[in-house]
Amino acid sequence: KKQQQPAQPAQPIPQPKQPTQPAPQPTNQVEQPQKQPEFKKISLSTTKPEPKKEEETPKTPTEDKKSEEAQKKDEEPQKKEEEEEVVEEDDDDDEDEAQFEVPEELLNAKEHLNIVFIGHVDAGKSTIGGHIMFLTGGVDKRTLEKYEREAKEKNRESWYLSWALDTNEEERAKGKTVECGQASFSTERKQFTIIDAPGHKSFVPNMISGAAQADIGVLVISARRGEFETGFDRGGQTREHAMLAKTAGVKHLVVVINKMDEPTVQWDQSRFNECRDKLAPYLRQTGFKKDDVTYIPVSGFTGANLKTRATDVCKWYSGPSLLEFLDELPSIKRLLDKPIRLPISEKYRDMGTMIMGKLQSGFVRKGMKLVMMPSKRNVTVDQIFVDDEEVPICQDGDNVKMRIKGVEEDEIIPGFVLCPRKNPCSMARVFDAQVIVREYKSIICSGFNAVIHIHSAVEEVQIKSLICYVNKKTGKPDKQRGPPRFMKEGDVVIARFQCENPLCMEIFRDHPHMGRFTLRDEGKSIAIGKVMKLIS
């Protein structure tokens, strides 16, 4: 046994492996390229082709370059395929989403302004809008005579001018605007779009959506005895509409004292001064500066001081007429260099999916590929309409209709926002905001539920906590007073809000149009605010 045990390891086991080592194999592999030297794509190990390169020294520089170029060409399509799989859509959007250079056609175009007519019910908003359309050629005389005949048949003779904007049978029968009507007219310098907002308190949400699309507000006041007082007192829509217009981003406010031709007024200057003196302190408190508010006496039914100055009737007024003042307004700076933000206010189906809204920043071309937030659905702009005319491009400030592809009408909710795919709009369920309580009889604590109106979105929201007071003089957080237990009318507080569904919004500092909101409860506007921080 002892002799057999050493005999087993003594057997030359590795010796047969020595001749079977891969020495003959490389000889076979090296022989193949010698027979077929034309094949340059065969990859050999780094140690074995070295002697071969030494033999073929004169041919190495050109062949090495060719082989490197061939390898690069082989690698490039592979990299391109991988990139296309990862960012297949982004490559197509580089040209569409380029917001660096503003097209010359937009720079040289006539300035476009949106005007919203707001005020208490029966103040004469639709009548003034209809008369302006007649004076500027938007409605011809034959159509107006037809409206006058139909109004006489229904014993509504004085309402025929408002029928140019109130096209619904229900609106014409009751004499009250329900939905925002739109019409357009142009002057020598500018192009205008009229938005006729409803004045009844039941339709304030429709008024908010109309004011969110406006640049200039026309606050219509009735000078008739008793009507101005009911509209301006608590519960009247004059106060609420002025506050909502400021919250919606209206920069200039034109206060039109209407019905100056009434037998109770008869173009009395003292009545005009009385209305102006009562309105001025409240508008200043709302946030309108003195230079941003203009008072003009008019008569919507007779057309005095709408287009031409009524010097024969109103001798004590030396200012411009309404259309003259609108035409001489300073131009509004547009955010053409910022990313696209288009909050959707309405949607319907007409040979495809149609959406409506005001473009808050950037510009949109036909064929552009965008994303709809917060659903994150990719869409393509098929057609663009401004004032019911198809255009190839639209810019910030335009009220547009668009036919889009890639999404169905049922999947869209008013409040969704169209954005570039590379720079989408921010979303949040929890956010901090600075709130000013305007009109509320009781106190507001954490856990309070309300309805938030931010751009064209409407959502139920809850106050999670009250963080701190804000000093009214400095506008900075007042840490000395400590966290508030509740807030009441007149307080300015930073609070944390939470909603069930994500809302599209931006910080007020970055994008004012997308960061201001209104809080409503029990059919009344109780507070206004601006977004300070997005939490989650």
Side-chain angles (χ1 to χ4, degrees), residues 201-212 240 243-249 287 341 343-345 357 360 372-376 412-417 424-470 477 483-536:
K201 61 182 180 181
S202 302
F203 310 119
V204 173
N206 294 347
M207 176 265 161
I208 294 174
S209 67
E240 187 176 9
M243 181 184 71
L244 292 171
K246 181 62 179 175
T247 312
R341 296 289 183 267
I344 298 171
S345 57
Q360 299 289 8
M372 184 180 292
M373 301 295 285
S375 61
K376 298 181 181 178
I412 304 174
I413 300 174
F416 281 12
V417 181
C425 179
S426 303
M427 300 184 300
R429 282 192 177 91
V430 183
F431 59 94
D432 292 348
Q434 179 178 315
V435 184
I436 305 173
V437 183
R438 285 295 185 194
E439 292 184 9
Y440 196 67
K441 295 178 181 179
S442 182
I443 60 173
I444 298 174
C445 306
S446 57
F448 180 81
N449 291 320
V451 177
I452 185 172
H453 292 257
I454 181 166
H455 50 85
S456 58
V458 183
E459 188 72 31
E460 194 168 333
V461 73
Q462 185 183 54
I463 298 177
K464 295 296 291 180
S465 61
L466 303 177
I467 298 172
C468 65
Y469 286 103
V470 175
R485 291 181 295 171
F486 60 86
M487 57 182 178
K488 60 184 185 300
E489 185 175 324
D491 286 347
V492 184
V493 177
I494 293 178
R496 180 159 293 179
F497 293 85
Q498 182 177 4
C499 49
E500 292 184 5
N501 302 316
L503 275 176
C504 292
M505 63 179 74
E506 301 278 2
I507 297 173
F508 180 81
R509 182 182 64 253
D510 300 336
H511 204 303
H513 291 290
M514 303 290 292
R516 54 166 70 97
F517 62 87
T518 307
L519 287 179
R520 286 176 58 81
D521 182 48
E522 296 179 354
K524 295 179 182 178
S525 300
I526 60 172
I528 59 176
K530 56 184 181 180
V531 179
M532 307 293 288
K533 185 180 180 182
L534 305 180
I535 307 298
S536 64

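In this text, all values refer to a predicted model and were calculated from it rather than measured experimentally. Just so it is clear, the values below take in all heavy atoms, side chains as well, and ignore hydrogens, waters and symmetry mates.
For the pair Val461/Phe517, no side-chain contact is recorded, criterion being any heavy-atom separation below 4.5 Å from C-beta on. For the pair Pro414 and Ser456, the minimum side-chain heavy-atom distance is 4.5 Å or more. Gln360 has its side chain out of reach of Val417: every pair of non-hydrogen atoms, C-beta onward, lies at least 4.5 Å apart. Counting only heavy atoms from C-beta outward, the side chains of Pro477 and Ile494 approach each other to under 4.5 Å. At a threshold of 4.5 Å between non-hydrogen side-chain atoms, the residues His455 and Met514 count as touching. In this structure, the side chains of Met487 and Leu466 come closer than 4.5 Å at one or more pairs of heavy atoms. Looking at Pro484 and Asp491, their side chains never come closer than 4.5 Å, going by heavy atoms from C-beta outward. Side-chain contact between Met372 and Ile344 is present, with at least one heavy-atom pair separated by less than 4.5 Å.
A parallel orientation is assigned to the rings of Phe431 and Phe497, their planes being inclined by less than 30° (bins at 30° and 60°).
Considering CG of Leu519 and OH of Tyr440, their distance stands at 11.0 Å, rounded to 0.5 Å. Distance check: Leu244 CG to Arg520 CZ gives 7.0 Å after rounding to the nearest 0.5 Å. How far OG of Ser442 is from NZ of Lys488: 12.0 Å, rounded to the nearest 0.5 Å. Atom CD1 of residue Ile526 and atom NZ of residue Lys441 lie 13.5 Å apart, to the nearest 0.5 angstrom. Between atom NE2 of residue His453 and atom CD1 of residue Ile528 there is a gap of 14.0 Å, rounded to the nearest 0.5 Å. Residue Phe486 holds its CZ atom at 13.5 Å from CD1 of Ile463, rounded to the nearest 0.5 Å.
The nearest pair of heavy atoms linking Ser345 to Gly357 is OG-CA, 3.6 Å. In this structure, Cys468 and Val493 approach most closely via the heavy-atom pair O-CG1, 3.4 Å. The shortest non-hydrogen separation linking Ser446 to Lys464 is CB-O, 3.4 Å. Between Gln434 and Val492, the shortest heavy-atom distance links the atoms NE2-CG1, 3.8 Å. Pro502 and Met427 make their closest contact through CB-CB, 4.4 Å (heavy atoms, listed as atom of the first residue, atom of the second, distance). Between Cys499 and Leu503, the shortest heavy-atom contact is SG-CD1, 4.0 Å.
Just one residue in the list Arg341, Lys533, Lys530, Arg516 forms a salt bridge (Lys or Arg N to Asp or Glu O under 4.0 Å) with Glu506, and that residue is Arg341. With Asp432 as reference, Ile535 is the one residue of Leu534, Ile507, Ile535 to meet the side chain to side chain contact (heavy atoms under 4.5 Å, CB included) rule.
Inspection of the Asn501 and Glu459 side chains reveals an N or O donor paired with an N or O acceptor under 3.5 Å.
Between the Arg429 side chain and the Glu500 main chain, a donor and an acceptor come within less than 3.5 Å of each other.
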